[in-house]
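Remarks on the structure that follows.
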Amino acid sequence: MNLLERIRQTSKEHPDRIAMQWWEEKLTYGELELYSSRLAAYIEREWKDQHAAAAVYGHKHPWMLVCFLALVKSGRGYCPIDTSVPEDRVKRILGLLEAGFSMDVTAEEGEGLEAFYRNDEASGGMKAQILTLSAIRRIVEEETEEIDPACALKGSDVYYMIFTSGSTGVPKGVMITRDNLEHYLDWSVTLGGVPKEGKVFLNQAPFSFDLSVMDLYTCLVSGGTLWALDKETQQDYRLLYDCLGKSGVSVFVSTPSFAEVCMSDPVFGEQLMPELSLFLFCGETLTNQTVKKLKKRFPKAVVVNTYGPTESTVAVTEVVVDERMEDEISPLPVGRAKPGTRIEILDADGNLLPDGEKGEIQILGDTVSAGYYRNEEGTAKAFYEAERDGAVVRGYHTGDEGYLMDGMLYYCGRIDLQIKLHGYRIEIEDIENNIVRVPGVRQAAVVPNIRKGAVKSLTAYVVADTQEMDVRGELGAYLPAYMIPKKVVFMDQLPMTNNGKVDRKQLGG
Ligand code: AMP
């Protein structure tokens with residue numbers, strides 16, 4: 001059964017089961033199936049000529065799911081955009097998408113997507129019809145048709161598009177096809193060997209980050225309930241523990257950084273979350289210390305480390321972190337390749353390296369993306385086709401450094417200037433290219449501050465016409481909060497290497 005059929009089946013067998021809950025806002029499987037089918041019928045009729053992926057704007061609202069599925073059922077892809085993405089980035093994304101319509105599922109009327117289109121000059125004259133939450137609610141009440149299942153996206157069609165930080169300062173839209181997602185889900189439901197049917201899954205990441213695909217879709221195909229933690233709740237300990245305590249979460253999907261945040265207080269343990277049976281981690285280094293602390297608080301839970309970039313559909317390797325590894329192996333391995341995926345390690349000249357030798361991690365197989373949306377150069381640089389065992393497979397140069405040992409992959413860091421800060425993927429050059437957009441700034445270099453092997457914060461070194469400026473404040477217009485350097489240091493000039501590049505080493509990078 002494919003993913004849409006599985007959701008439909010749950011909606012028939014358990015129509016009142018909750019598919020997603022965000023505080024008091026709930027959506028049952030029956031509602032999700034009916035509303036998305038009606039909305040899909042409306043889209044198909046009203047926007048016959050519009051086939052580009054549409055933006056779905058919002059934060060953790062269960063009706064975002066109605067929009068995602070409606071678009072997919074009507075044969076269109078979607079691009080989730082979280083409300084934390086700053087205006088300038090949203091405009092760039094919308095400009096790239098050029099969708100004729102988009103959906104706005106922000107709870108408050110009038111402060112969402114409309115603002116990005118209102119000012120025609122700043123938005124480059126973009127025009128699109130916007131369906132607001134109240135309009136969507138009205139449509140699904142009044143619509144009498146349901147979409148024909150034959151209209152749904154085909155396997156090679158783009159199912160979703162997630163934008164990641166791009167080194168040129170322009171975000172890159174990673175295209176994930178329906179086949180990519182279905183292959184990923186066949187594996188993700190088996191993760192950790194823990195049964196997932198009907199379980200409650202934690203949703204920590206916003207839908208515009210691919211980690212959320214792990215909880216959202218593994219949950220939906222397992223007939224489970226997605227329990228969403230919004231941004232405000234994640235930043236307020238009182239709300240956080242209240243929400244987690246009420247959740248009944250069984251599958252905890254997050255970055256290791258977020259688990260560390262939760263462990264700030266001893267209350268985060270088995271008593272608060274007695275159902276918790278599985279931790280699924282992805283996106284950044286999982287340390288032995290984090291696992292040790294978690295195992296103390298949740299002795300019965302299985303801890304799984306997974307690894308992968310957005311470009312290969314969330315994750316492609318898995319390892320259950322057992323007691324032996326916890327004590328003896330540091331850093332922890334990131335796992336073995338899932339079925340349908342092959343990991344290879346190449347040296348700088350493209351030669352295959354043997355076990356134990358460090359090189360660039362290559363991911364080949366059925367979940368590797370079709371490429372970056374409307375970015376042929378970026379796609380040609382990062383993706384390739386190769387013949388393996390008599391078949392042509394798609395490959396991706398990850399830019400990650402690592403080595404293999406008897407099929408087990410170990411991650412050693414990046415070979416370029418990409419970093420992870422509190423679980424977020426950031427290209428250092430992306431920040432630098434946006435700092436120089438601030439009026440008066442001439443040059444910028446950003447350096448990560450590393451402690452115990454992890455990036456803790458960022459410092460920007462800036463050459464500007466005047467030091468009487470609020471660089472961090474101005475950057476808020478271009479970059480999301482997590483990308484804004486904590487410290488800004490003004491300099492007369494940046495140190496240079498002999499070959500004329502900014503000398504990051506002298507700046508502590
Ligand atoms: P994203 O596309 O945001 O998921 O970021 C992908 C990048 O995160 C990878 O290329 C790695 O650099 C890093 N990453 C993902 N999983 C892990 C992991 N388990 N351990 C260490 N780094 C990871």
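Counting convention: from 1, in listed order, for ligands and their atoms alike. Only heavy atoms go into these numbers, but all of them, side chains included; no hydrogens, no water, no symmetry mates. Residue numbers run from 1 in the order of the sequence given.
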### Nearest non-hydrogen partners of G402 and I345, listed with the distance
O-CG2, 3.6 Å
### Query
Within the structure, does Y307 bring an N/O atom to less than 3.5 angstrom of an N/O atom in ligand 1?
no
### Task
Among all protein heavy atoms, pick the one closest to atom 18 (C) of ligand 1 and tell me residue, atom and distance.
E284 O, 3.4 Å
### Query
Do other residues, nucleotides or ligands put more than 12 heavy atoms under 6.0 Å from the NZ atom of K358?
no
### Summary
The atoms of ligand 1 lying under 4.0 Å from a heavy atom of V334, numbered in the order shown, are 18 (C), 19 (N), 20 (N)
### Message
Give me the nearest non-hydrogen protein atom to atom 19 (N) of ligand 1 as residue plus atom name, then the distance to 0.1 Å.
### Response
T306 O, 2.8 Å
## Note on the structure
P448 and L458 have their tightest heavy-atom pair at CA-CD2, 3.7 Å
### Message
For atom 5 (O) of ligand 1, what's the nearest protein heavy-atom neighbour? Residue, atom name and distance, please.
### Response
K420 NZ, 3.0 Å
### Query
When the ring centroid of Y372 is compared with that of F383, is the distance short of 6.0 Å?
yes
### Nearest non-hydrogen protein atom, atom 6 (C) of ligand 1
P309 CA, 3.5 Å
### Task
Would you check whether T164 has a nitrogen or oxygen atom less than 3.5 angstrom from a nitrogen or oxygen atom of ligand 1?
no
### Task
Step through the shown structure and confirm whether more than 12 heavy atoms of other residues, nucleotides or ligands are within 6.0 Å of CD on E377.
no
### Message
Tell me the closest heavy-atom pair linking D400 and Y307, and the distance in Å.
### Response
OD2-OH, 2.7 Å
### Message
Below a 4.0 angstrom heavy-atom separation, can you tell me which part of N305, side chain or backbone, both or neither, approaches ligand 1?
### Response
side chain
### Task
Using a strict cut-off of 4.0 Å, indicate which atoms of ligand 1 neighbour a heavy atom of R414.
10 (O), 12 (O)
### Query
To which protein heavy atom is atom 13 (C) of ligand 1 closest, and what is the distance rounded to 0.1 Å?
G283 O, 3.5 Å
### Task
Please could you name the atoms of ligand 1 that G308 approaches to less than 4.0 Å, counting only its heavy atoms?
4 (O), 6 (C), 15 (C), 16 (N)
## Note on the structure
One should read off an interatomic distance between C262 SG and L240 CG, to the nearest 0.5 angstrom, of 5.0 Å
### Message
Suppose we measure from atom 4 (O) of ligand 1 to each protein heavy atom; which comes out shortest, and what is that distance?
### Response
D210 OD1, 3.4 Å
### Message
How long is the straight-line distance from OG1 of T313 back to CD of E182, given to the nearest 0.5 Å?
### Response
11.5 Å
### Distance under 6.0 Å and angle within 45° of ring axis: R178 vs Y159
no
### Query
Among all protein non-hydrogen atoms, which one is nearest to atom 11 (C) of ligand 1, and what is the separation to 0.1 Å?
D400 OD2, 3.3 Å
### Summary
For T285, the ligand 1 atoms with a heavy-atom partner under 4.0 Å come out as 20 (N), 21 (C), 22 (N)
